[in-house]
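Counting begins at 1 with the first residue of the sequence. Both ligands and their constituent atoms are indexed starting at 1 by order of listing.
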Amino acid sequence: MKVSRIWAALLGAIAAHAAIVPTTTTKRTSSPFVSSEGSEFVVNGTNFKYIGTNAYWLPTLQDDEISTTLAKMAATGIKVVRLWAFNDVDAVPSNGTYFQVIQDGKTSINEGPNGLQRLDKVIELAEQQGLYVLLSLTNNFFPNVAKTSTKRGESQSLPRNYLSNDYGGMDLYVREFGAKHHDDFFTEEKIISAFQNYTSHIVSRYADKPSVFSWEIANGPSCNSTLPSSGSCQTTTVTKWHATMASHIKSVDPNHLVSAGTSGGQCLQCTKLFPLSAPSPQPSPSVKRRNVKQLTKKQLLKDRSEARRNNRKRAIEEGTLAKDGVQIRGRWVSTAAKRQSSPEVGQQFDGSTGVDSQDIMNIPDVGFGSFQLFPDQNNYAADDTTSTSSSDSFANTVNTGVDWINNQAQLGGAVGKPTIITGFGLVTQGNAPNFVPFNSSSSTDASSNASSDGVSNDQQDSAYTTWVNTGVAQGVNGIMQYQWGQSNVQTPNDGYSSSSNDGVQTVLQNAAQGIAADN
Ligand SMILES: *[C@@H]1O[C@H](CO)[C@@H](O)[C@H](O)[C@H]1NC(C)=O
Ligand SMILES: *[C@@H]1O[C@H](CO)[C@@H](O)[C@H](O)[C@H]1NC(C)=O
Ligand SMILES: *[C@@H]1O[C@H](CO)[C@@H](O)[C@H](O)[C@H]1NC(C)=O
Ligand SMILES: *[C@@H]1O[C@H](CO)[C@@H](O)[C@H](O)[C@H]1NC(C)=O
Ligand SMILES: *[C@@H]1O[C@H](CO)[C@@H](O)[C@H](O)[C@H]1NC(C)=O
Ligand SMILES: *[C@@H]1O[C@H](CO)[C@@H](O)[C@H](O)[C@H]1NC(C)=O
């Protein structure tokens, strides 16, 4: 038997929910736990917006290194740090941090000093700095291992826990539970039960801690990862799993919000399990109004063509249509885009990632939405044949990011929940040698240096400033850079570490000051 029990429970939940008409203003809570009201986060009775960062590796550091790193984040004005609350291995390692062994269909949790006590320590030290931790419970991504190997390859040049994808996650559960396809993680009852067991353990451990911002069900869930998709995975498969997990987490811990962790993929024309009720929910009067209209294919295409016209006009004015300037990988001219099933809207809007963020965000137990922005790894727009030169390509990357942020803010408005960007990044020239895509394993992978020029530090600052300002202006509730780099501590660099560009901290600091002044 696979999922019929879950299906039945879920259909019940949908039916029960369909009868509930969304009501306005509940009494504003003064709880120190993060809650939401309409499209706003509320903490201690006040709206809460923030600048944040990512540091999945924090539990692998020594105590003094963790303190130094968190203190610097706090001094920069950062309020929330996102990290992994999972660290799965397929056998007990000879050294280093791990939280769970998943081996041959069995799991066991490491409560020891190199186990969950490391996570306890990070949370304790974060509290001392007045920082929230946003904890992610598993990962879509996993190192590419040799096709013939059943275990993690030994050939990797980077140590375990260096790359964000090297902390276990979905594909490790799938493999160790004897399944074959990445999406078996969403449908095999034994695997769902194993992951629910892990989440119960972690979530109950910190259920009474207001310093936990929220529980993120998974980082970037989708139908694919290193293990192939079964071919039967659809957006509804992924949505249904989120509904199951969100209600499970809420049943263990009603204190915290549950967030999806999706990277923002949408499907404008897919069947919804949790359709938006009409008319769109209105934000409460205390909340600044934002666009609450649902994005349509027609509007997307219209916006796109207007953006293209503006880009071209600007490039002509600036004289940058020539073939000069800085080359970067992030671009919206892409051969991949030509293979899309629905080329006009692009893979982020046609459901081909297997994710429908609108449907997931509208699950009653999902407290807020999320998205990411990594132009070095994903296309956020359809093919643009008018973009000819490389400097034009940088402007396009920035502008495409702006459009993406606008679309995501609009999605949050349409669903009537807060939305955050859980990670954004552009690879610089200085970081390019370290760049490893999330769907890859080591810096020596042939796929990871397909192109490795990177932008200049100034371009990175400029892109980040534009994106952060756009997010703030559009009411995005949390804006989290990927990823922190602590210069006097050895912290991993997968191509996005900020340690090689001080300008990034200045961008974050300025934005944080702006938000603080606004509050
Ligand atoms: C909320 O109040 C608690 C307890 O007074 C405090 O520790 C916390 O920093 C406050 N949070 C914010 C965002 O102001
Ligand atoms: C930890 O284990 C790895 C793999 O077994 C080994 O390569 C590394 O040298 C060990 N590190 C320490 C500090 O013992
Ligand atoms: C989950 O936990 C329950 C209760 O402790 C246990 O019976 C079950 O075997 C576990 N499931 C898996 C897949 O480990
Ligand atoms: C990850 O890479 C593999 C090839 O190694 C590919 O088949 C798969 O589609 C990729 N997954 C994602 C989510 O990009
Ligand atoms: C995911 O896998 C499916 C089927 O294997 C494929 O059609 C699709 O293009 C893949 N998507 C991505 C983003 O790699
Ligand atoms: C990546 O770099 C290695 C070492 O320089 C080289 O052998 C390989 O061909 C490169 N791969 C690509 C796709 O450029």
Side-chain angles (χ1 to χ4, degrees), residues 1-3 5-6 28-37 40-53 70-71 73-82 86 88-90 99-111 123-134 137-138 168-179 184-206 208-214 241 244-245 248-249 251-252 255-257 367-368 418 420 477-480 512-519:
M1 183 178 89
K2 277 181 110 181
V3 288
R5 189 170 54 83
I6 292 156
R28 179 153 280 227
T29 168
S30 61
S31 162
F33 285 96
V34 180
S35 63
S36 71
E37 188 182 312
E40 296 291 335
F41 290 123
V42 176
V43 183
N44 298 337
T46 327
N47 288 356
F48 180 73
K49 285 204 158 77
Y50 70 89
I51 298 295
T53 189
L70 294 173
M73 288 176 184
T76 304
I78 278 163
K79 297 285 183 217
V80 185
V81 54
R82 176 171 174 264
F86 57 91
D88 312 312
V89 291
D90 56 20
F99 296 165
Q100 178 176 233
V101 182
I102 310 175
Q103 190 177 35
D104 297 334
K106 293 198 183 65
T107 62
S108 71
I109 291 177
N110 177 13
E111 307 262 7
I123 294 174
E124 177 195 323
L125 295 174
E127 279 169 359
Q128 286 176 15
Q129 297 292 342
L131 289 169
Y132 290 95
V133 291
L134 193 161
L137 292 162
T138 192
M170 296 182 186
D171 280 359
L172 186 57
Y173 283 89
V174 168
R175 206 181 61 195
E176 293 298 322
F177 277 86
D184 292 336
F185 188 80
F186 306 123
T187 56
E188 278 292 337
E189 215 173 322
K190 254 196 291 188
I191 300 178
I192 292 173
S193 158
F195 182 53
Q196 287 187 336
N197 284 1
Y198 184 70
T199 56
S200 297
H201 199 98
I202 299 294
V203 164
S204 58
R205 191 178 182 96
Y206 306 114
D208 61 354
K209 292 216 167 283
S211 56
V212 170
F213 188 86
S214 67
W241 175 79
T244 306
M245 283 312 303
H248 173 74
I249 294 169
S251 74
V252 178
N255 295 334
H256 291 102
L257 294 176
F368 62 96
I420 67 171
N477 308 71
I479 300 174
M480 310 182 83
Q513 281 166 0
I515 287 178
D518 238 31
N519 277 342

Engineer: Is there a side-chain contact between Ser36 and Phe368 (heavy atoms, below 4.5 Å)?
Structural biologist: no
Engineer: Using a 4.0 Å heavy-atom cut-off, say whether Phe41 meets ligand 1 through its side chain, its backbone, both or neither.
Structural biologist: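 Neither; nothing of Phe41 gets under 4.0 Å from ligand 1.
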Engineer: Salt bridge check: are Asp518 and Lys49 linked by an N-O gap of less than 4.0 Å?
Structural biologist: no
Engineer: Between ligand 3 and the protein, tabulate every N or O atom pair separated by less than 3.5 Å, reporting distance only.
Structural biologist:
| unit_1 | atom_1 | unit_2 | atom_2 | d |
| --- | --- | --- | --- | --- |
| ligand 3 | 2 (O) | Asn197 | OD1 | 3.0 |
| ligand 3 | 2 (O) | Asn197 | ND2 | 2.2 |
| ligand 3 | 11 (N) | Ser193 | OG | 3.1 |
| ligand 3 | 11 (N) | Asn197 | ND2 | 3.0 |

Engineer: Are Phe213 and Tyr50, when compared by the centres of their aromatic rings, separated by less than 6.0 Å?
Structural biologist: yes
Engineer: Under 3.5 Å, side chain of Thr199 to main-chain N/O of Phe195, donor-acceptor pair present?
Structural biologist: yes
Engineer: Going by the rule ring-ring contact (aromatic ring centres under 6.0 Å, His included), which residues pair with Phe33 if we only count those two or more places apart in sequence or in a different chain?
Structural biologist: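 Phe33 satisfies ring-ring contact (aromatic ring centres under 6.0 Å, His included) with His256 once adjacent residues are dropped.
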Engineer: State whether the side chain of Gln100 and the backbone N or O of Ser108 hold a donor-acceptor pair below 3.5 Å, judged by distance alone.
Structural biologist: no
